[in-house]
Protein chains: 2
Amino acid sequence: MTVDGRATRGDATRQAVLDTALDMFAKQGYRATSVRDIAARCGITHPGLLYHFPTKEALLKAVLERRDEVDRAEADDGVVDFANLDGRALLAHLVASAAKNATKRGIVELFANLSVEATAPDHPAHQYFVERYASLRATLIRGLDALASAGVLRPGVVPATAAAHLIALMDGLQIQWLLDARTDMAGSLRSYIDTVLTEPLAGP
Amino acid sequence: MTVDGRATRGDATRQAVLDTALDMFAKQGYRATSVRDIAARCGITHPGLLYHFPTKEALLKAVLERRDEVDRAEADDGVVDFANLDGRALLAHLVASAAKNATKRGIVELFANLSVEATAPDHPAHQYFVERYASLRATLIRGLDALASAGVLRPGVVPATAAAHLIALMDGLQIQWLLDARTDMAGSLRSYIDTVLTEPLAGP
DNA sequence: GTCTATAGCTTGATAGAC
DNA sequence: GTCTATCAAGCTATAGAC
């Protein structure tokens with residue numbers, strides 16, 4: 001879409017490239033996917049693609065931004081603001097995300113692949129992931145602090161430690177699930193959360 | 001070494017290649033490291049290298065096997081058999097491993113990279129990782145079962161679930177540590193273990 | 001056991017026509 | 001906006017000399 005709301009042909013192609021790139025980065029990883037492959041699946045040639053995204057790296061960044069938009073849109077079912085959920089709702093949201101991820105192998109592969117690749121300081125997505133982890137960690141600590149104040153955190157649980165555990169569990173369980181789809185990411189995460197709270201998390 | 005115990009020049013080269021490959025796969029990932037680069041750092045050409053290991057894939061497998069040998073040798077400080085440690089010693093060993101890993105960024109990068117890459121069923125190291133995870137999981141469940149029988153497991157802790165948590169934590173904490181070296185892998189792991197036991201793990 | 005030389009392929013990116 | 005054509009560079013792997 002252009003700023004004034006009219007869709008052009010170029011924008012349609014741009015969208016198709018973005019969707020296809022997301023799918024292929026997800027299934028094969030960023031490094032293992034070539035610009036040519038993406039272009040071919042969109043019915044154009046690779047210089048055609050590079051007209052819209054000048055480099056492969058620019059395409060990756062656009063894909064990540066688009067992914068965040070989609071996630072935000074989905075979370076806005078009830079116009080919820082993730083960063084300001086109350087403690088229990090925040091933890092419930094993590095479990096729900098894990099359950100939803102189990103229906104999207106491609107997305108899980110993309111982020112599992114990238115979060116390791118992007119660990120290298122010179123990776124195009126390095127800064128994106130540094131910020132992503134820092135922000136998630138901060139949100140979790142805030143939520144756990146609130147739960148501590150409300151007295152529903154099991155004594156001895158340190159918010160910063162539990163936050164690190166939660167993030168590690170989400171990442172680690174994804175690897176186990178990718179290796180063996182019988183892994184219950186959501187259930188496993190929930191059972192950790194229940195050891196942290198004085199009263200189990202409600203819900204499905 | 002040849003079967004009868006005599007070292008030959010070829011064997012020395014073989015060893016150098018193995019060590020160098022481990023180092024470079026670790027620092028840059030398997031896919032991003034070329035056979036040429038490895039050969040050059042060994043002072044030979046790449047066809048020279050391919051005489052010893054017919055393909056890059058064969059080299060990877062040899063590196064993984066070598067890594068396991070070294071790990072086993074290190075664990076055998078006191079001639080300990082990892083799979084038959086008693087429960088507490090097994091958990092203490094995990095913490096010690098995490099601490100040791102924090103001195104070897106290369107190795108951590110190699111395994112973090114590979115455990116995600118190898119999630120793809122057609123990856124050369126797929127079977128290796130499937131078996132690695134299954135065996136670690138089995139060992140952990142056995143150890144936790146023993147602790148449960150001894151009555152030192154906090155009530156409500158399910159061995160299979162705690163085993164999945166421990167593996168996920170080790171993998172996930174590695175990613176956080178690679179992103180930010182201030183992450184305390186060993187401490188974080190230990191604090192999870194302490195929530196699972198009725199009495200904290202002794203030791204440094 | 002290691003070399004030179006090279007085949008044969010894929011990659012990301014650019015120039016310039018239409 | 002998309003194409004053809006092409007570049008320069010990288011890769012794994014092989015053939016055959018020494």
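In what follows, chains carry the letters A, B, and so on, assigned in the order in which the sequence lines appear, proteins first and then strands, with residues in each chain numbered from 1.
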Quiz item: Quick one: is C/dT10 close enough that its OP1 or OP2 comes under 4.0 Å of any side-chain N or O from A/S34?
Solution: no
Quiz item: Separation of A/F25 atom CZ from C/dG12 atom C1', in whole Å?
Solution: 12 Å
Quiz item: Does a side-chain N or O from A/T13 land closer than 4.0 Å to OP1 or OP2 of D/dG1, or not?
Solution: no
Self-check item: Rounded distance (Å) that lies between atom P of D/dT2 and atom CZ of A/F53
Solution: 11 Å
Exercise. Report the distance from atom CZ of B/R14 to atom C1' of C/dG1, rounded to the nearest whole Å.
Key: 13 Å
Quiz prompt | Gap between atoms CG and P, on A/D37 and C/dC9 respectively (whole Å) | solution = 16 Å
Exercise. May I ask you to check if B/K56 and B/Y30 form a cation-pi contact, with NZ or CZ under 6.0 angstrom from the six-membered ring centre and within 45° of the axis?
Key: yes
Quiz item: Are A/D71 and A/R67 within salt-bridge range, i.e. N to O under 4.0 Å?
Solution: yes
Quiz item: Which of these nucleotides, C/dT11, D/dC11, C/dG1, is closest to any side-chain atom of A/R36?
Solution: C/dT11
Quiz item: Looking at A/E57 and A/K61, does any basic side-chain N land under 4.0 Å from a carboxylate oxygen?
Solution: yes
Self-check item: Interatomic distance, A/Q15 CD vs D/dG1 C1' [rounded to whole Å]
Solution: 16 Å
Self-check item: Whole angstrom value for the distance that separates P of D/dC11 from CG of B/L60
Solution: 17 Å
Quiz prompt | Nearest atoms (heavy-atom pairs only) where A/F129 meets A/A118 | solution = CD1-CB, 3.6 Å
Quiz item: Under 4.5 Å between any side-chain heavy atoms of A/M185 and A/L169, yes or no?
Solution: no
Quiz item: Any side-chain donor-acceptor pair under 3.5 Å between B/D37 and B/S34?
Solution: yes
Quiz prompt | Sub-4.0 Å heavy-atom contacts from residues 41-51 of chain A onto DNA chain C, ordered by number | solution = A/H46, A/P47, A/L50
Quiz item: Do the ring planes of B/F111 and B/Y128 sit parallel (below 30°), tilted (30 to 60°) or perpendicular (above 60°)?
Solution: tilted
Quiz item: Please give, in whole Å, the distance from C/dG12 P to A/E57 CD?
Solution: 12 Å
Quiz prompt | Whole angstrom value for the distance that separates C1' of C/dG12 from CG of A/L59 | solution = 12 Å
